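Computed from a predicted structure; not experimentally measured. Basis for what follows: all heavy atoms, side chains included, without hydrogens, waters or symmetry-related copies. Chain identifiers are assigned alphabetically (A, B, ...) following the order of the sequence lines, protein sequences preceding nucleic acid strands; residue numbering begins at 1 within each chain.
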Amino acid sequence: MNDFLARLNPEQLQAVTLPRQSALILAGAGSGKTRVLTTRIAYLIQTGEVSPAGVLAVTFTNKAAREMLTRLSAMLPINTRGMWVGTFHGLCNRLLRTHHRDAGLPQLFQILDSGDQQSLVKRLAKAQGVDEEKFPPRQLQNFINNCKEAGLRANAVEAGDEFTRRMVAFYADYDAQCSREGVVDFAELLLRTFELLSRNPDLLAHYQQRFRYILVDEFQDTNKLQYRWIKMLAGTSGCVFAVGDDDQSIYRFRGAEIGNMNELVRDFGITDVVKLEQNYRSQGHILDAANAIIAHNKGRLGKNLWTAEGKGEALRIYAAANDDEEARFIVDEVKALNRDGIALSGMALLYRSNAQSRILEHSLFRAGISYRVYGGLRFFERQEVKHALAYLRLAGNADDDTAFTRVANFPPRGIGTRSIEQLQEAAERGMGSLMHVARAGIVSGRSGASLAAFVAVIDGLRQSAETLRLPELIEEMLERSHLKEHYGAEKDGQDRLENLHELINAATLFADEFEHGLEPAGEAQEDVANLGTPQQQILAAFLSHASLEAGEHEAGTGEDALQLMTVHSAKGLEFSAVFISGLEEGLFPHENSMLEDGGIEEERRLMYVAITRARTRLYVSYAGSRMLHGQPRYGIVSRFVEEIPPQLCKWIVLPERPAPWGRTPKWGGTESASWSTGGGRAPAADPDRYRTPKRSGFERQRPDEQPFAVGQNVRHEKFGEGVVIDFEGRGLDARVQVRFATQGTKWLALQYAKLVAG
DNA sequence: TGTACTTAAGTTTTT
DNA sequence: CTTAAGTACA
């Protein structure tokens with residue numbers, strides 16, 4: 001029977017077959033974490049220890065949840081649809097839909113994504129006359145989310161100073177506004193569920209009895225609230241099986257607490273932690289590099305990956321003169337690897353921040369290499385799609401002010417800022433929604449008529465929403481709202497129209513699956529079973545789907561394409577060849593992380609994650625200068641490159657190219673070329689092209705290395721010709737003093753001033 | 001009121 | 001370099 005146990009190694013087997021007790025599995029990268037998790041569930045079900053309905057499995061991403069379900073149905077002849085396997089947010093949504101009354105939410109409450117949340121914060125801040133200089137919306141948003149993720153309502157936050165007090169007051173107003181509108185943000189889904197269960201002992205007892213086994217994926221990424229949530233559901237009799245890797249904790253910025261691992265061990269009396277250290281993914285040199293780098297972190301739970309496979313190839317390190325060179329190098333190498341038989345889809349190009357993808361994309365596009373960017377603008381986040389969704393949201397819940405302000409005057413229909421302001425003032429006085437006061441007809445004249453027309457459109461849609469099938473409802477909405485007409489007339493509106501058609505397609509698919517009870521929509525069926533008409537149910541489910549899963553399943557997966565993504569979104573994936581680009585101080589590790597304590601360690605874990613994505617080939621590159629916001633920035637090699645033991649690496653040396661500022665760079669090209677980019681050879685297959693130069697050639701940039709020397713003639717866009725007479729600082733802080741012919745003497749920050757050698 | 005233009009500003013990672 | 005916000009004008 002248990003043939004799926006046969007393939008496990010001793011540690012994996014131990015974890016899977018643990019007796020009924022809470023456990024922490026410390027699973028290194030590539031050690032078969034998902035396999036252990038799913039096999040554990042299959043094992044428990046097959047041995048009759050628990051029924052499928054008694055399992056609660058939580059992940060962080062929709063992809064991980066889907067993966068788990070797929071593997072489970074391959075292992076067991078059961079219908080996985082009724083199982084509670086999903087993301088924290090998805091499962092909370094499910095609970096809140098089922099118990100919306102107890103949770104104090106309207107039937108068709110809607111979910112704000114972070115964009116929606118930010119516009120609500122902005123709108124509210126403006127209405128209250130909050131000083132945007134002192135309280136940037138972004139900061140207010142973060143404050144609110146941080147509080148919620150710590151499980152704190154506004155009345156529970158300790159405000160020591162006036163500044164915090166103001167933020168807390170805003171937090172309270174924000175929450176009040178959300179409940180008036182009947183919307184919840186991401187963090188609210190969790191907090192609200194937590195409160196729902198802690199306030200209803202009967203309900204809690206019901207779920208505690210139901211979920212005999214709780215399994216948590218990526219446990220190191222749980223925040224305080226999620227941990228309390230797990231602990232509460234487990235109760236005194238529950239059994240938690242947590243799988244995680246402290247070395248891969250990279251989400252502290254959104255509240256993840258590595259400390260939860262120790263908490264778990266303490267709270268649940270876990271005596272021994274099972275460690276999975278055998279790696280089935282990467283070859284030896286790659287693993288050695290990962291181990292060496294992560295060893296610089298302190299306070300680790302301790303783990304060393306090993307592989308039964310050979311050492312494999314050395315890491316390739318490339319020091320480019322600038323970002324263009326770096327991109328060109330990657331393009332050449334990708335081509336060569338592809339000629340050698342590695343599929344493009346088996347290669348990944350990783351970067352620290354999304355901004356870096358543009359130049360890489362540019363080079364790839366020019367070279368005719370097909371590529372796919374993950375995590376860019378997702379389908380449901382495109383503006384035309386958001387506009388369309390806003391109409392649908394209003395059709396489901398007219399009190400959704402965020403949706404109202406988004407489309408009241410889009411397409412333009414003569415409702416100006418003044419009218420909206422009037423509505424907002426009235427809404428604030430009467431504590432009603434914008435739609436509510438709009439109906440009252442307080443705006444007079446031409447604008448009033450426009451507003452009435454808008455209200456009529458929404459009312460019409462609301463009626464249609466009761467009976468029409470989702471795709472037809474969207475068709476009608478596109479007509480009545482004039483969105484179709486508007487984008488049809490816009491000069492580059494064709495793409496947008498196509499996306500709107502795509503939305504109809506998505507809706508058709510979703511509605512079909514929902515009606516036939518198929519995955520993934522079928523899973524949501526239970527969530528909304530006690531609401532409104534069948535068509536309203538589908539609408540609500542579709543809108544949740546759009547917020548919670550903003551288009552992960554994007555098309556194009558069938559095509560063979562190079563995979564571009566941030567290191568964060570690469571977590572959990574693996575590739576034959578991996579390129580990690582932009583290994584410069586300030587970029588990776590990111591400068592913002594250097595201020596926070598523990599920031600560098602988190603960046604190092606990020607690097608660890610990046611390295612362990614690779615199976616056989618790993619490239620690490622950095623650039624001496626990089627265009628950022630249209631200005632060159634001069635970088636020095638990342639400490640992480642220097643933490644890789646030199647014997648694991650080969651440095652790639654390319655011919656010299658002229659530097660953009662007209663002087664010989666100290667970057668790359670200090671030795672003669674061992675190959676030429678123009679050469680017709682397949683470089684990746686040619687061992688001669690790699691040299692291992694003396695380390696000294698790649699030391700960090702020295703403080704006296706400035707792009708401009710004293711005495712040099714320069715030109716500034718506004719100030720004209722001048723001569724450099726002094727400089728101070730380096731890197732991002734570098735400033736030069738320039739005496740201009742006509743404008744006197746000025747200090748200029750190199751980071752900002754457009755200074756050209758002249 | 002809406003549009004077309006200018007200017008300023010900002011840029012980590014995401015369910 | 002892109003995007004957002006602000007201003008002038010029709």
Side-chain angles (χ1 to χ4, degrees), chain A residues 58-65 86-93 111-115 117-119 122 126 132-133 136-138 141-142 145 148-149 184-190 217-218 221-223 225-226 249-256 323 350-359 362 374-378 380-381 383 409-420 445-447 450 490 544 547-552 565-571 582 586-596 599 602-603 605-607 609-610 626-633 751-752 754:
Chain A
V58 204
T59 64
F60 277 87
T61 65
N62 296 298
K63 202 158 78 186
T87 62
F88 277 103
H89 296 88
L91 294 170
C92 286
N93 180 42
I111 302 168
L112 302 180
D113 66 21
S114 13
Q117 186 186 32
Q118 190 167 39
S119 42
K122 272 188 189 158
K126 206 167 178 184
E132 282 210 12
E133 297 277 290
R138 173 96 206 169
Q141 189 183 7
N142 283 338
N145 290 335
K148 290 191 178 186
E149 276 155 12
V184 298
D185 56 52
F186 283 143
E188 182 73 22
L189 284 169
L190 284 151
D217 190 19
E218 307 277 16
D221 288 334
T222 51
N223 62 34
L225 180 58
Q226 285 160 339
S249 167
I250 54 173
Y251 286 111
R252 202 179 57 154
F253 70 93
R254 64 172 197 209
D323 45 0
L350 309 183
Y351 34 81
R352 175 70 234 279
S353 61
N354 276 311
Q356 288 165 252
S357 78
R358 186 156 263 113
I359 184 146
H362 184 70
Y374 281 77
L377 196 54
R378 296 210 275 258
F380 286 108
E381 288 167 358
Q383 69 143 317
N409 198 37
F410 192 93
R413 54 169 67 84
I415 303 170
T417 33
R418 186 61 207 131
S419 303
I420 298 286
R446 192 191 292 263
S447 304
S450 306
E490 208 175 58
S544 303
S547 299
L548 291 174
E549 204 169 335
E552 277 301 306
M565 65 192 84
T566 63
V567 179
H568 280 90
S569 42
K571 191 161 98 165
L587 200 60
F588 196 178
H590 196 276
E591 52 196 328
N592 295 5
S593 73
M594 299 188 188
L595 306 171
E596 312 153 14
E602 173 123 337
E603 296 285 311
R605 290 192 292 269
L606 208 42
M607 184 64 185
V609 168
R626 184 178 292 279
M627 291 302 274
L628 218 60
H629 326 150
Q631 299 295 319
R633 269 173 59 155
Q751 195 184 342
Y752 301 111
K754 290 183 182 160

- Query: Among dT2(C), dT15(B), dT13(B), which nucleotide sits nearest the side chain of Asn354(A)?
  - Reply: dT13(B)
- Please measure how far the P atom in dT13(B) lies from the corresponding atom in dA4(C), and state the result in whole Å. 15 Å
- How is Lys122(A) classified with respect to the nucleic acid when contacts are heavy atoms under 4.0 Å: base, sugar-phosphate, or nothing? sugar-phosphate
- Apply the side chain to side chain donor-acceptor pair (under 3.5 Å) test between Asp221(A) and each candidate in Arg254(A), Arg252(A), Lys571(A); give the one that qualifies. Lys571(A)
- Sugar-phosphate only, base, or nothing, as touched by Arg605(A) at under 4.0 Å among non-hydrogen atoms: nothing
- Query: Contact class for Glu596(A) vs. all strands (heavy atom < 4.0 Å): base, sugar-phosphate, or nothing?
  - Reply: base
- Task: Tell me what Asn409(A) touches on the nucleic acid: a base, only sugar-phosphate, or nothing, going by heavy atoms under 4.0 Å.
- Result: sugar-phosphate
- Asp113(A) side chain near Phe380(A) side chain, heavy-atom distance below 4.5 Å: no
- Task: Would you classify Ser450(A) as touching base, sugar-phosphate or nothing, given that sugar-phosphate means primed atoms plus P, OP1 and OP2, and contacts are heavy atoms under 4.0 Å?
- Result: nothing
- Query: To the nearest 0.5 Å, what is the distance between CD (Gln118(A)) and CG (Asn142(A))?
  - Reply: 9.0 Å
- Message: Just to be sure I understand the rule, does Phe60(A) reach a base, reach only the sugar-phosphate, or reach nothing, if contact means heavy atoms closer than 4.0 Å?
- Response: sugar-phosphate
- Message: With nearest nucleotide decided by heavy atoms, which residue, Arg418(A) or Thr566(A), maps closer to the 5′ end of DNA chain B?
- Response: Arg418(A)
- Toward the 5' end of DNA chain B, by each residue's nearest nucleotide, Leu606(A) or Ser447(A): Ser447(A)
- Given Ser114(A) and Gln117(A), is the side chain to side chain donor-acceptor pair (under 3.5 Å) satisfied, shown in steps? CA-CA 5 Å; Ser114(A) 13; Gln117(A) 186 186 32; 5.9 Å; no
- Determine if His590(A) stacks with dT12(B); use a centre-to-centre distance below 5.5 Å and an interplanar angle below 30° as the criteria. yes
